[in-house]
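Accompanying notes for the structure given below.
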Amino acid sequence: MSTPDLSKPYEPREVEERWYEFWERNGVFAASDEPGDERPAYVIPMPPPNVTGSLHMGHAQRCTLEDALIRWYRMRGYNTLWQPGIDHAGIATQTVVERQLQREGKTRHELGREAFEKRVWQWKEESGGRISLQQRVLGASPDWRRTKFTMDPGMSVAVREAFVRLHEEGLMYRATRLINWCPTCRTALSDLEVENEEGANGELFEFAYQVDGEDREIVVATTRPETMLGDTAVAVHPEDPRYTSLHGKFLVHPFVDRRIPIITDAILVDPKFGTGAVKVTPAHDFNDFATGKRHQLEEINIFQLDGTMNENAGPFQGLDRKRARTAVKKALEEKGLTRGVKPHQLTLPRCQRSGDIVEPMLSTQWFCKMGEMAKEAIAAVETGRTQIIPEEWVKTYNHFLENIQDWCVSRQLWWGHQIPAWHGPNGDIRVARERPPECTPENGWSQDPDVLDTWFSSALWPFATLGWPENTPALQRFYPTNPKQESDLETGYDILFFWVARMMMFGLHFMKEVPFRRVLLSGLIVDETGDKMSKVKGNVIDPLDLIHGAEFTEIVKKTLPGAPEAEALSKFKKAYPSAAAMGGHFPAFGTDALRFTLATFPPSNKRIALAPKRLEGNRHFINKIWNATRFALDQLEGYSWQELQQPRALYNRWILSRLANASRIANAGIHGFRIDEAANESYRFFWSDLCDWYLELTKTVFAEHSPFAADRDETRAVLAYVLEGALRLMHPLMPFVTEELWQRVPRPATRSASIAFGPYPGASEEKYRDLLAERDMDVVASAIGAARTIRAEHEIKWAHAVPLEFRTDAPEIASLLERVAFSAQVLTKSTTLPAVARLGGPRASGTAVSVVATYAGPVEVLVGLQGIVKKDEELARIERELKRLDKDIATVDKKLSGKGFVDRAPKEVVEQARDQRTQMLAARARLEESRRLADEL
RNA sequence: GGGCGCAUAACUCAGUGGUAGAGUGCAACCUUCACACGGUUGAAGUCGUAGGUUCAAGUCCUACUGCGCCCACCA
């Protein structure tokens with residue numbers, strides 16, 4: 001094998017761009033539904049990004065976590081399906097295209113429905129695939145051949161099937177009730193699409209209604225004076241003595257020709273609030289609507305669909321809501337009916353999409369009955385058929401489903417799945433999979449113009465993407481009805497209700513089985529100061545800018561378009577203090593560094609603060625992997641892979657044990673959705689164990705005239721084994737750099753074409769676990785560490801050779817240290833005299849000493865510093881060490897003498913404490929001896 | 001009104017009842033032959049506050065404070 005041409009620093013872009021195509025060409029991502037394929041299946045339905053969307057940090061996080069899981073399962077021999085797709089995103093997309101039209105001075109109504117839909121499709125074709133391309137940059141490995149768009153013909157079949165079945169079962173019905181109406185989007189919304197903005201400053205406005213035929217009045221309080229135009233009653237509490245004399249009387253509406261009754265209602269009215277009298281507007285308030293039903297009140301709608309006042313508003317007709325409010329107040333004032341204003345905090349219901357204030361409106365819509373399905377979805381989690389991780393979300397999930405209202409699924413939009421219902425001339429309605437032959441336009445039939453909520457099709461995603469309602473091989477293989485299937489749904493907790501809960505309900509309903517075995521919820525990426533990323537704040541970061549590098553001035557042009565550059569820059573730097581310290585731009589961190597960084601956060605953190613500084617550190621890590629591998633390849637030149645024999649040398653046994661340990665932690669971490677644990681252990685293992693210790697120690701083996709030359713063959717075999725294993729260990733987190741290096745590294749002939757096919761280290765490494773080697777290596781490492789400390793404290797130049805000696809009373813430790821003394825010598829850079837390990841014996845004067853407590857007793861570390869070590873300094877140093885030891889001894893003593901510790905603590909814990917005490921006392925005795933010797937300097 | 005989360009080194013964060021950890025930053029030294037995107041050593045902690053349980057609490061319980069989020073139709 002020829003030495004690969006590896007340039008010195010790692011250049012991510014150059015490397016990363018090469019491998020994606022290679023993976024696709026080699027079918028790495030492909031899921032198989034061939035009948036002969038016996039592998040167990042593993043499935044993740046990818047949350048389909050919006051067709052309007054472009055890549056943001058959330059996608060990068062999805063990709064990092066899901067790809068890590070998928071690659072891990074794939075490497076372990078699973079038949080993996082990561083199901084990709086795109087969501088048509090009804091309101092969002094329609095809004096975008098309408099805005100385009102607006103710029104051309106057109107409206108969708110001028111265009112007409114058919115032309116408009118064509119236009120949206122055209123736009124989808126142009127830009128809809130962009131995000132998939134961007135996901136490739138992230139190294140995502142879904143089976144692209146199976147990509148689905150929620151408006152694909154197959155998906156439409158599934159949507160119609162689901163709708164019709166629900167209707168047949170009586171679970172899909174049409175009803176006229178109060179719904180959330182967005183006057184800007186001009187459509188009904190589900191409860192979830194309404195965001196309640198808390199703490200808005202409003203006012204509580206009080207005005208009087210005159211009692212009909214009497215010179216009396218009743219004062220009501222309202223936050224929305226304009227709705228009084230739709231008032232059809234005033235309610236008081238039945239037991240409120242202030243109003244008993246008014247029960248059954250009528251009031252005169254000051255602006256419209258209407259007498260409104262005074263009613264008593266104990267549910268609606270809290271006598272302690274306001275004036276104790278409530279105006280009732282059944283057509284525009286959810287409480288009032290219920291009250292109206294209790295008292296058979298008239299429901300008077302006062303709004304047009306665009307939010308302006310209709311003919312029922314009398315003199316105010318035509319005004320929009322805000323104007324109407326002012327006008328009503330003014331008119332009441334003129335009539336002398338206002339009775340005061342108090343400031344009042346209120347929550348404003350806003351449309352998730354447009355931000356407009358949502359209006360409760362009386363409307364006829366399609367509703368999906370949720371009660372029974374919700375119960376099943378709760379039960380499925382309770383019985384563990386689906387596990388929610390982290391578990392703390394179960395409460396939230398249950399609370400949502402226990403209180404769920406029927407789902408308003410119809411939207412007055414043009415972009416989406418048109419509802420498969422046909423309206424006849426006499427108000428007949430036919431629901432069917434296809435237009436029934438008799439329901440022709442000529443006969444006066446027309447299809448319901450409304451479309452379904454985007455989330456309706458999303459709720460079918462796990463099985464509709466597999467071909468449902470047909471019982472396809474893919475459906476049989478990849479839906480959890482297959483017992484040889486494992487599956488996870490990974491997503492941000494923000495769509496737990498929108499998507500996850502609904503998939504649970506529909507999966508259970510239509511497939512009679514949960515749609516996935518586990519729900520993995522992760523937190524949201526926020527800026528470095530903990531604020532949500534948003535365009536307004538100018539703190540949005542495009543993952544591609546981190547991957548390929550970008551000038552801050554370019555970034556803020558995108559995040560705050562149109563804003564003055566200085567202002568935008570200052571906002572950006574405030575949001576990312578560690579970026580500000582980088583100067584004016586992000587360097588190209590590369591995909592692996594970005595993914596690794598995202599992987600190091602526990603997914604369960606609700607907020608994940610993106611600190612660019614961490615990216616820098618992890619880019620350095622990748623560079624370290626690159627350079628370490630280059631170095632190892634030099635050592636392995638001419639090596640051809642051979643079966644690994646059980647090695648003899650301590651450091652070889654040790655590093656194999658450490659790899660086994662790291663593999664164990666990584667496997668447990670990824671499986672338990674603690675990918676951060678896998679990432680951190682990979683980092684620690686590679687940098688600390690492999691680079692800092694193992695590679696340094698092996699330098700002494702490969703050095704000329706090494707006394708360990710006999711271990712060279714063994715060490716090469718171990719190095720090759722560990723290097724190849726370490727790359728596989730890290731592949732799910734850093735796919736590109738590991739593939740690039742793995743392709744150049746010696747490996748068994750049995751391996752496949754790509755590292756992506758694994759195997760993932762685990763069981764086969766376990767047999768090299770060697771706790772004795774780890775224990776011994778600890779002794780060696782701390783002895784060497786003590787020697788380094790002495791050198792550093794006395795400021796011995798690196799190149800200056802000084803004798804090193806270890807002394808111990810334990811023969812086994814002495815021989816252990818004897819064996820590593822040469823390497824210790826290299827690691828502490830004392831070049832002329834060989835370091836030695838001794839049992840007892842006299843000590844040369846002019847040595848600095850440190851004592852290391854080990855399992856077999858203290859080890860004295862002696863560094864000959866004749867002419868350098870100063871008596872006072874040495875004594876002071878020893879005193880410091882003694883002090884530290886005394887503190888530790890006191891801690892253990894306190895514990896051991898503590899009431900009940902010896903009797904009640906576990907035996908191992910007590911024993912460990914006693915051992916520690918013995919060792920520390922022995923070390924202390926040695927140190928005191930050293931102090932006497934130092935005193936003689 | 002109900003629910004959830006967070007608070008540990010200067011910063012970003014791990015921590016699973018048993019001697020407080022990492023990365024970054026900081027200080028000193030080192031161009032040393034894979035890597036200065038590096039190496040060695042070091043300093044740095046009232047684990048938010050107050051109680052409680054326990055032989056033992058950063059970890060479990062209670063209350064409180066601060067920050068953040070979600071749900072809810074109170075005029």
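Per chain, numbering begins at 1; letters A, B, ... match sequence-line order.
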When we call it a touch if two heavy atoms are under 4.0 Å apart, what does A/D270 touch: a base, just sugar-phosphate, or nothing? base
Just checking A/A609: base, sugar-phosphate only, or nothing, at a heavy-atom cut-off of under 4.0 Å? sugar-phosphate
In Watson-Crick or G-U wobble terms, both distances under 3.5 Å, what is the partner of B/G68? B/C4
NA contact type, A/L268, heavy-atom cut-off 4.0 Å: base, sugar-phosphate, or nothing? base
Nearest to the side chain of A/A628 - B/C37, B/G5, B/A34? B/A34
Any strand is fair game: report the nucleotide pairing with B/A63 by Watson-Crick or G-U wobble, both distances under 3.5 Å, or none. B/U49
Assign A/K606 to base, sugar-phosphate, or nothing according to its heavy-atom contacts below 4.0 angstrom with the strands shown. base
Just to be sure I understand the rule, does A/Y683 reach a base, reach only the sugar-phosphate, or reach nothing, if contact means heavy atoms closer than 4.0 Å? sugar-phosphate
Inspect the contact between A/R325 and A/E203 and indicate whether a charged nitrogen and a carboxylate oxygen are less than 4.0 angstrom apart. no
Which part of the nucleic acid does A/N605 contact within heavy-atom distance under 4.0 Å: base, sugar-phosphate only, or nothing? sugar-phosphate
Output the single nucleotide from B/U16, B/G38, B/A34 whose closest atom is nearest the side chain of A/H620. B/G38
When you measure from the side chain of A/A611, which nucleotide among B/U12, B/A75, B/G68 comes out closest? B/U12
Pairing check on B/C11: which nucleotide meets the Watson-Crick or G-U wobble criteria with it, both distances under 3.5 Å? B/G23
Which nucleotide wins on minimum distance to the side chain of A/R788, given the candidates B/U40, B/U24, B/A14? B/U40
Is any side-chain N or O of A/Q916 under 3.5 Å from a base N or O of B/U19, one able to act as donor and the other as acceptor? yes
Without decimals, in angstroms, what is the distance between A/R614 CZ and B/G25 P? 13 Å
Considering only side-chain heavy atoms of A/R607, which listed nucleotide, B/C4, B/G68, B/A72, is closest? B/G68
Indicate, with a heavy-atom threshold strictly under 4.0 Å, whether A/R917 touches base, sugar-phosphate, or nothing. nothing
With C1' as the reference atom in both, quote the distance from B/C61 to B/G23 in angstrom, rounded to an integer. 34 Å
Closest to the A/L695 side chain, choosing from B/A34, B/A75, B/G39: B/A34
Heavy atoms only, 4.0 Å cut-off, all strands: where does A/E908 land among base, sugar-phosphate and nothing? nothing
Using a heavy-atom cut-off of 4.0 Å across all strands, would you classify A/F497 as base, sugar-phosphate, or nothing? sugar-phosphate
By the 4.0 Å heavy-atom rule, please label A/T396 as base, sugar-phosphate, or nothing. nothing
For the student: nearest non-hydrogen atoms of A/M730 and A/F686, plus distance: CE-CD1, 3.5 Å
With the threshold set at 4.0 Å, does a side-chain nitrogen-carboxylate oxygen contact exist between A/R914 and A/E911? no
Give the nucleotide from the list B/A34, B/A14, B/A72 with an atom nearest to the side chain of A/C691. B/A34
For nucleotides B/G45 and B/G58, find the distance between their C1' atoms and express it as a whole number of Å. 11 Å
Which part of the nucleic acid, if any, lies within contact of A/V269, taking any heavy atom under 4.0 Å across all strands shown: a base, the sugar-phosphate backbone alone, or nothing? base
Go through the steps for A/F273 and A/L204 under the test side chain to side chain contact (heavy atoms under 4.5 Å, CB included), then give the verdict. CA-CA 11 Å; A/F273 188 94; A/L204 200 54; 4.1 Å; yes
Main chain of A/V219, side chain of A/T275: is a donor-acceptor contact present, judged purely on distance under 3.5 Å? yes
Please tell me which of the listed nucleotides, B/C70, B/U24, B/U12, lies nearest to the side chain of A/K532? B/C70
Student check: side-chain heavy atoms of A/V328 and A/L332 closer than 4.5 Å: yes
Just name whichever nucleotide pairs with B/C35, Watson-Crick or G-U, keeping both distances under 3.5 Å, else none. none
Regarding A/E793, tell me which of base, sugar-phosphate or nothing describes its non-hydrogen contacts under 4.0 Å with the strands shown. nothing
Consider the side chain of A/T789, meaning its heavy atoms from C-beta on, and name the nucleotide among B/U41, B/A28, B/G39 that approaches it most closely. B/U41
Contact class for A/K624 vs. all strands (heavy atom < 4.0 Å): base, sugar-phosphate, or nothing? base
Expressed in angstrom and rounded to an integer, what is the separation of A/L496 atom CG from B/G5 atom C1'? 15 Å
So, A/K395 and A/E402, do they make that salt bridge, N to O below 4.0 Å? no
Below 4.0 angstrom from OP1 or OP2 of B/A34, is there any side-chain N or O of A/K699? yes
At 4.0 Å (heavy atoms only), tell me whether A/P577 reaches a base, stays on the sugar-phosphate, or touches nothing. nothing
Which one, B/G18, B/G42, B/U12, comes nearest to the side chain of A/A905? B/G18
